K.L.:
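I am attaching a structure below and will ask some questions about it afterwards.
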Protein chains: 2
Amino acid sequence: MTRAATTATHAGGHLVAALDRAGHRLTGPRRSVADLVAARDGHFTAADLVEDARRQGIGRATVFRSIDLFTSLGLVERVDLPGGEHAYVACETAHHHHAICTSCGRSFDVDDAGLSEVLGTIGHRSGFRVTAHRLEIFGLCAACQR
Amino acid sequence: MTRAATTATHAGGHLVAALDRAGHRLTGPRRSVADLVAARDGHFTAADLVEDARRQGIGRATVFRSIDLFTSLGLVERVDLPGGEHAYVACETAHHHHAICTSCGRSFDVDDAGLSEVLGTIGHRSGFRVTAHRLEIFGLCAACQR
DNA sequence: TTCCACGTGAGACACAGTATCATGTAGGAC
DNA sequence: GTCCTACATGATACTGTGTCTCACGTGGAA
């Protein structure tokens, strides 16, 4: 459960660093998109990001390309909200799952908590060999329950 | 589209029955879409169904309306494949999860297998009150492992 | 400083899903 | 069986999301 919300001028610093590590160019637009992603407190839609970016003179295509890039590096993940809409969340690279607060929209990383045993059980019972899975959790965060 | 006279002429019978039970009209197009859904052996995309339906003279809008209807009755569920594409699967109404074979595309319903305890643990640890969740499992079914 | 592969913005495009509206029809009333 | 009306339908326009193309710009190694 991590909320990395620094107010540094370059909140997207770790995203930029990851780009660099992966051998991608550190261009102005990419830095800006990284900052916008990091500044988002919770999940965000492509439209949100495109709108923010447009105000800084960054084009739609670049935003989608950057999201792609971050996604391929595991820094951003796509989630599907209960209503069926898409959103993205910034996250750390290790395998984990998201708990999304339906009230405030924030997303929280949660660890395995025994899920792998459950998947093992399912596989064992049904003969299915599990190679990937996706768990999304929706509910109310501690703050919103008050 | 060949309506194989061998097996049940109305593969979508239980879908039609569910529509009836819920007080919806049993129109020709709806019966046809129900049959098409039931005939699909695994997940299918909206495009698949639209194409099948078009050959029978059924319009796009009607296909989407029917999917909506089946979804609202819990007879069809929307899933998101690992690649990010959308698909639909026919399923029973009780709460359950899908295991999707990445080789043959068939989907299998799996039961809880301890997931609710895992969600309880997560909630307990983090103070998050879980109200909904979605678990999708990808891998190889028993047949495709051979 | 130079140079070029990679990145960019603009805008056309593709596709999924929704909305609108005139027409058609299921199925209850009689 | 027939009538009638609320609901369903097909055609088509529209919206939103994401991709592709292409000429131009630029990061960063040499």
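Chain letters run A, B, ... following the sequence lines, proteins first and then strands; every chain starts at 1. Everything numeric here is computed off the predicted structure, so don't read it as measured data.
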K.L.:
Aromatic contact between B/His43 and B/His86, with the criterion being ring centroids under 6.0 Å apart: yes or no?
P.N.:
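Ring-ring flag for B/His43/B/His86: false, centres at least 6.0 Å apart.
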
K.L.:
List the residues meeting side-chain hydrogen bond (donor to acceptor under 3.5 Å, both in side chains) with A/Arg134, not counting sequence neighbours, and say none if there are none.
P.N.:
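With sequence neighbours excluded, A/Arg134 shows a side-chain hydrogen bond (donor to acceptor under 3.5 Å, both in side chains) to B/Glu136, given in chain and number order.
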
K.L.:
By side-chain hydrogen bond (donor to acceptor under 3.5 Å, both in side chains), which residues pair with B/Arg129, not counting sequence neighbours?
P.N.:
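Here no residue qualifies.
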
K.L.:
What does nucleotides 20-30 of chain C look like as a protein-contact string, B for base, S for sugar-phosphate only, - for none, at under 4.0 angstrom between heavy atoms?
P.N.:
B----BBS---

K.L.:
Please report the distance, rounded to the nearest Å, between CZ in A/Phe64 and C1' in C/dG7.
P.N.:
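Distance, rounded to whole Å: 17 Å.
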
K.L.:
Ignoring hydrogens and angles, state whether a donor on the side chain of A/Asp35 or A/Ser32 is under 3.5 Å from an acceptor on the partner side chain.
P.N.:
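No - no donor-acceptor pair under 3.5 Å links their side chains.
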
K.L.:
Do B/His24 and B/Arg30 have side-chain atoms, one donor and one acceptor, less than 3.5 Å apart?
P.N.:
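On atom types as modelled, these side chains do not qualify, holding no pair under 3.5 Å.
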
K.L.:
What are the 5'-most and 3'-most nucleotides of DNA chain D lying under 4.0 Å from any heavy atom of chain A?
P.N.:
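Counting from the 5' end, contacts occupy D/dT17 to D/dG28.
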
K.L.:
Given 3.5 Å as the limit, does a donor-acceptor pair link the side chain of B/Ser66 with the main chain of B/Val33, or not?
P.N.:
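Answer holds: no.
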
K.L.:
Just to be sure I understand the rule, does B/Arg30 reach a base, reach only the sugar-phosphate, or reach nothing, if contact means heavy atoms closer than 4.0 Å?
P.N.:
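The residue B/Arg30 makes sugar-phosphate contact but no base contact.
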
K.L.:
State whether B/Tyr88 places a side-chain N or O below 4.0 Å from either non-bridging phosphate oxygen (OP1 or OP2) of C/dA16.
P.N.:
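No, B/Tyr88 has no side-chain N/O under 4.0 Å of OP1/OP2 on C/dA16.
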
K.L.:
Backbone N or O of B/Ile58 within a donor-acceptor pair of the B/Thr62 side chain at under 3.5 Å?
P.N.:
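Not at all, since once roles are kept as given, no pair shorter than 3.5 Å links the two residues.
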
K.L.:
Which is true for B/Arg54 with a 4.0 Å heavy-atom rule: it touches a base, it touches only sugar-phosphate, or it touches nothing?
P.N.:
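Nothing: the residue B/Arg54, judged by heavy atoms under 4.0 Å, touches no strand.
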
K.L.:
Roughly how many Å is it from NE2 in A/His86 to P in C/dC15, rounded to a whole number?
P.N.:
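About 17 Å, once rounded to whole Å.
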
K.L.:
So for A/Arg60 and C/dG11, does any side-chain atom that can act as donor or acceptor lie under 3.5 Å from a complementary atom in the base?
P.N.:
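By the distance-only test, no, there is no pair.
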
K.L.:
Does the side chain of A/Arg40 come within less than 4.5 Å of A/Asp52's, by heavy atoms?
P.N.:
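Side chain of A/Asp52 against side chain of A/Arg40, heavy atoms only: contact under 4.5 Å found.
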
K.L.:
Within this structure, what is the CD1-CZ distance for the pair B/Ile100 and B/Phe108, rounded to the nearest 0.5 Å?
P.N.:
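Nearest 0.5 Å value for the CD1-CZ distance: 10.5 Å.
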
K.L.:
Are A/His133 and B/His97 close enough that their ring centres sit under 6.0 Å apart?
P.N.:
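Not under 6.0 Å, so no.
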
K.L.:
Taking only residues two or more places apart in sequence, or in another chain, which ones meet A/Ser116 in a side-chain hydrogen bond (donor to acceptor under 3.5 Å, both in side chains)?
P.N.:
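Result, side-chain hydrogen bond (donor to acceptor under 3.5 Å, both in side chains) vs A/Ser116: A/Asp112.
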
K.L.:
End-to-end bend of the helix from C/dT1-D/dA30 to C/dC30-D/dG1 (five-pair axes, 10° rounding)?
P.N.:
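Taking the rotation axis at each end, their angle is 30°.
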
